[in-house]
Amino acid sequence: MKKTTSKLLSLLLALTLVLSLAACGGGGGSETTDLTGTTWALSGGSQGDTEVDKATLEGLLGGEMTYSFEADGKLVMALNGVEVEGTWSQDGSTVTVDVQGDTGTMTLNGDKLTIEESGVTVEFTQK
């Protein structure tokens, strides 16, 4: 059990780090709230039926991770106080982000913004 948990945490950490640099992902949803002017913070993640809480992920990352969706399509991602700028657009529940030339999608579904990649889901909630 401990080995499986360690592998899951390693996978989530690696995925979250990649996402913080490249904003990769995908999925589908139905909520269509405009994200302009909102900031979303990492709230947890999962792989299959195994969930990892916010505190565990922040401990692995060394601090809070956020996405801020500013006017005119400007995106600011922050991880432990280090900010990277990019762009974003929204079509219904699908949010397309581009950071340093890497484009990916996030899904807005109710009060959660999610990134899914290879069976791992990382969730954000609005601050």
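Residue numbers count from 1 along this sequence.
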Result block: side-chain N/O donor-acceptor pairs under 3.5 angstrom for residues 37-45, not counting sequence neighbours:
from : atom 1 : to   : atom 2 : distance (Å)
T38  : OG1    : L35  : O      : 2.5
T38  : OG1    : W40  : NE1    : 2.9
T39  : OG1    : S68  : OG     : 3.0
S43  : OG     : E123 : O      : 3.2

**OP:** Can you tell me which residue pairs pass the ring-ring contact (aromatic ring centres under 6.0 Å, His included) test with a partner in residues 79-113, sequence neighbours excluded?
**Re:**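 As it turns out, the ring-ring contact (aromatic ring centres under 6.0 Å, His included) pairs with a partner in residues 79-113, which skip direct neighbours, are F69-W88.
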**OP:** Write out all pairs satisfying ring-ring contact (aromatic ring centres under 6.0 Å, His included) with one or both partners inside residues 45-66, taking only residues at least two apart or from two chains.
**Re:**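 Counting only pairs at least two positions apart or across chains, no ring-ring contact (aromatic ring centres under 6.0 Å, His included) contact touches residues 45-66.
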Measure the [atom1]-[atom2] distance between [X] and [Y] for me, rounded to the nearest 0.5 Å.
X    : Y    : atom1 : atom2 : answer
Q126 : T33  : CD    : OG1   : 8.5 Å
T114 : M106 : OG1   : CE    : 8.0 Å
M65  : M77  : CE    : CE    : 6.0 Å
D98  : T103 : CG    : OG1   : 3.5 Å

Original post:
Cluster question for you: counting only ILVMFWY and a side-chain heavy-atom cut-off of under 4.5 Å, with indirect links fine, are V76 and L79 together?
Top reply: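 Different clusters: V76 never reaches L79 through Ile, Leu, Val, Met, Phe, Trp or Tyr contacts under 4.5 Å.
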Subject >> F124 side chain reached by I115 side chain, heavy atoms, under 4.5 Å >> reply: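 In contact.
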Subject >> Sequence-distant partners of D53, side-chain contact (heavy atoms from CB on, under 4.5 Å), two or more places apart >> reply: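 Result, side-chain contact (heavy atoms from CB on, under 4.5 Å) vs D53: A55, T56.
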Original post:
When you check the side-chain N and O atoms of T36 and D34, is any donor under 3.5 Å from an acceptor?
Top reply: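 Yes.
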Original post:
Do you know which of T121, V122, V120 makes side chain to side chain contact (heavy atoms under 4.5 Å, CB included) with S46?
Top reply: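 In the set T121, V122, V120, the residue that makes a side chain to side chain contact (heavy atoms under 4.5 Å, CB included) with S46 is T121.
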Subject >> Partner set under side-chain hydrogen bond (donor to acceptor under 3.5 Å, both in side chains) for T125, not counting sequence neighbours >> reply: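 If we apply the side-chain hydrogen bond (donor to acceptor under 3.5 Å, both in side chains) test to T125, skipping adjacent residues, there are no hits.
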**OP:** May I have all residue pairs that pass side-chain hydrogen bond (donor to acceptor under 3.5 Å, both in side chains) and include part of residues 74-87, sequence neighbours excluded?
**Re:**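 Non-adjacent pairs meeting side-chain hydrogen bond (donor to acceptor under 3.5 Å, both in side chains): K74-E85.
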